[in-house]
Amino acid sequence: MSSSNALSLMGWMFLPNLVTGWVQSIYYGLAIRAGDPRPPPNSPRWQLHRRRIHTLVITLYLLYTIYEADYDLQRSGSFYQSLSVPFDATEREIKSRFRRLAALYHPDKVAQGPSTGDFFIHLKTASDTLTDPAQRFAYERFGPDIVYWRNCVTLRDYVWKGLQTTVIPHYAMAAVGLYGLGLLGYLEFGRYWRWVTLLALCAFEAHTVMRPRFPAFVETLVNPLLLRFTSHAPYLPFQVVALARRVAIAIYIAFGQLGPVLQAGRTQEAAAGERALKQNLDRLEQTARLMDVDANRLLELEMAPFAGDPEIIQDMRSKLKEWLVQNTIRADPMVRDALGRSMQKRRVDAPAGARGTK
């Protein structure tokens, strides 16, 4: 499973960007007619398509990673699957089943092969583990590694050994890794939720390994649905924990790749909004200058008959200019709409019989 984890991490490093480029090229080849220009690289439209396709590719690869983790767990199997007994099988049922399998797979009764003895030893180990209450409890929560634990006899010994060897080191290393990457400037996107997920997963695992029963949602919901509607084997607690760990790591990596994409999209949208606002303000300023030039030209044209009388010209100039400005403002659709809403509100809010209500 470690080699699978390494391959999955290597896949996360280069596959999403590579597949995104391929999918975008194929999309343009299918969606854009021959002869029509494609969006140039790094243009706003090209970047929008890139973000959407990259998000889709990462989401699909995340789902594939979850499926791969579950497939690895099912391929590894469990002692219950090897003996073909249910999770609630009694000690007597397990021993009876082992005797039947031993009659079939004992090295003295089958043709010798490279794996004949190994499979019989595996069946014997499974039977010995599941017929011992303490080992059975530990196996269901920590997996097959418990058969190599020495000096463990009671439930308390196994739980403490499991906490020391699997739970505490894993989450200590995960916390140190997250903190170190944060100091180096990585994993900025969703940092808070990464820590929340890590703490929640740690609490869930600690609760799972120390409780006498399976996790409630696994025992009452997930496993019954799997047994009723699929051929998928039900989950043991250690399988749920292993799957949750791999899914959490995949989600961390997916967030790390999606974060820059989404942040770049918001930055580009904000920059595009600022550019559009600046262009509108520039057009408004240019329009105001043109209106001022036209107003001065009309004013000079109207004042031509009064040339030679400075007082009259000054008085007429100020009144004409005021009239032109007021007339322009009143003719503006936004101003007229605002005045209309104000008058309508005044008519509605005014008491009966007041002036201006009709």
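Keep in mind that what you see is a predicted model, and the values were worked out from it rather than measured.
Residues F217 and V247 are members of one and the same hydrophobic cluster, defined by side-chain heavy-atom contacts under 4.5 angstrom among Ile, Leu, Val, Met, Phe, Trp and Tyr. Both I168 and F204 belong to a single network of hydrophobic side chains, linked directly or stepwise wherever heavy atoms of I, L, V, M, F, W or Y lie under 4.5 Å apart. Hydrophobic clustering places M210 together with V167 (ILVMFWY residues linked when any side-chain heavy atoms are closer than 4.5 Å, directly or through intermediates). A continuous path of ILVMFWY side-chain contacts below 4.5 Å connects W160 to F238, so both sit in one hydrophobic cluster. Each of V222 and L227 belongs to its own hydrophobic cluster when Ile, Leu, Val, Met, Phe, Trp and Tyr are linked at side-chain heavy-atom distances under 4.5 angstrom.
Here L60 contributes atom CG and T55 contributes atom OG1; the two are 11.0 Å apart, rounded to the nearest 0.5 Å. Distance check, rounded to the nearest 0.5 Å: CD of Q135 to OG1 of T125 gives 9.5 Å. Interatomic distance, NZ of K124 versus OG of S82, reported as 14.5 Å (0.5 Å rounding). Within the model, atoms CD1 of I66 and CG of L243 stand 7.5 Å from one another, a figure rounded to the nearest 0.5 Å. Note that CZ of R75 is 9.0 Å distant from CD of E68, once rounded to the nearest 0.5 Å. How far CZ of R191 is from CG of L178: 9.5 Å, rounded to the nearest 0.5 Å.
Here the shortest heavy-atom pairing between I32 and P37 reads CG2-O, 4.2 Å. The two atoms that bring A233 and Q74 nearest to each other are CB-OE1, 3.2 Å, heavy atoms only. The minimum heavy-atom distance between V209 and L163, with the atom names listed, is CG2-CD2, 4.0 Å. Scanning both residues, Q239 and S78, for their nearest heavy atoms gives NE2-CB, 4.3 Å. Scanning all heavy atoms of the two residues, the minimum distance from P234 to L226 falls at CA-CD1, 4.3 Å. Here the closest non-hydrogen pair linking I146 and F142 is CG2-CB, 3.7 Å.
Using a 4.5 Å heavy-atom threshold, the side chains of Y28 and W46 count as touching. Side-chain contact check for V147 versus T129: some heavy-atom pair is nearer than 4.5 Å. In this structure, the side chains of V196 and Y192 come closer than 4.5 Å at one or more pairs of heavy atoms. Between H54 and N17 the shortest side-chain heavy-atom distance falls below 4.5 Å.
In summary, the side chains of T154 and D157 do present a donor paired with an acceptor at a separation below 3.5 Å, with no hydrogens or angles considered. No side-chain donor-acceptor contact under 3.5 Å links Y235 and E219.
In the displayed structure, Q164 atom CD is contacted under 6.0 Å by more than 12 heavy atoms of other residues, nucleotides or ligands. More than 12 heavy atoms of other shown residues, nucleotides or ligands fall within 6.0 angstrom of atom CZ in R136. Within a 6.0 Å sphere centred on OH of Y71, other residues, nucleotides and ligands contribute 12 heavy atoms or fewer. Shown here is W195, whose CH2 atom has more than 12 heavy atoms of other residues, nucleotides or ligands within 6.0 Å. Within a 6.0 Å sphere centred on OH of Y179, other residues, nucleotides and ligands contribute 12 heavy atoms or fewer.
Without hydrogens or angle criteria, R97 side chain to L83 main chain gives a donor-acceptor distance under 3.5 Å. For the pair T131 (side chain) and D128 (backbone), a donor-acceptor distance under 3.5 Å is present. Looking only at distances, no side-chain donor or acceptor of S96 sits under 3.5 Å from a matching main-chain atom of R92. Looking at S127, its side chain never comes within 3.5 Å of a backbone N or O of L123 through a donor-acceptor pair.
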Query - Test log, rule side-chain contact (heavy atoms from CB on, under 4.5 Å), inputs F214 and L236 - result: CA-CA 8 Å; F214 287 11; L236 286 165; 3.8 Å; yes
Requested in this report: Any chance you could lay out the side-chain contact (heavy atoms from CB on, under 4.5 Å) test for L48 and R51, step after step, and finish with the verdict?
Outcome: CA-CA 5 Å; L48 176 63; R51 289 197 302 272; 3.4 Å; yes
Report task. Decide side-chain contact (heavy atoms from CB on, under 4.5 Å) for L201 and Y171; before the verdict, give the C-alpha distance in whole Å, the side-chain angles of both, and the deciding distance to 0.1 Å. Result -> CA-CA 9 Å; L201 192 58; Y171 289 101; 3.3 Å; yes
Requested in this report: For side-chain contact (heavy atoms from CB on, under 4.5 Å), just list the numbers for T20 and I58, CA-CA rounded to whole Å, side-chain angles, deciding distance to a tenth of an Å, and then say yes or no.
Outcome: CA-CA 9 Å; T20 298; I58 290 177; over 6 Å; no
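The aromatic rings of F79 and Y139 sit parallel to each other, their planes meeting at less than 30°, with 60° as the upper class boundary. In this pair, F120 and F98 present their aromatic rings tilted. The plane angle is within the 30 to 60° band.
Ring pair Y80/F87: centre-to-centre distance below 6.0 Å.
Classification of E205 and R245 as a salt-bridged pair holds, one side-chain N sitting under 4.0 Å from a carboxylate O. Ion pair E285/R289 flagged as a salt bridge, since at least one NZ, NE, NH1 or NH2 atom sits closer than 4.0 Å to an Asp/Glu carboxylate oxygen. With salt bridges taken as basic N to acidic carboxylate O contacts below 4.0 Å, none links D70 and R246.
A cation-pi geometry, defined here as NZ or CZ lying under 6.0 Å from the six-membered ring centre and within 45° of its normal, holds between R141 and F137.
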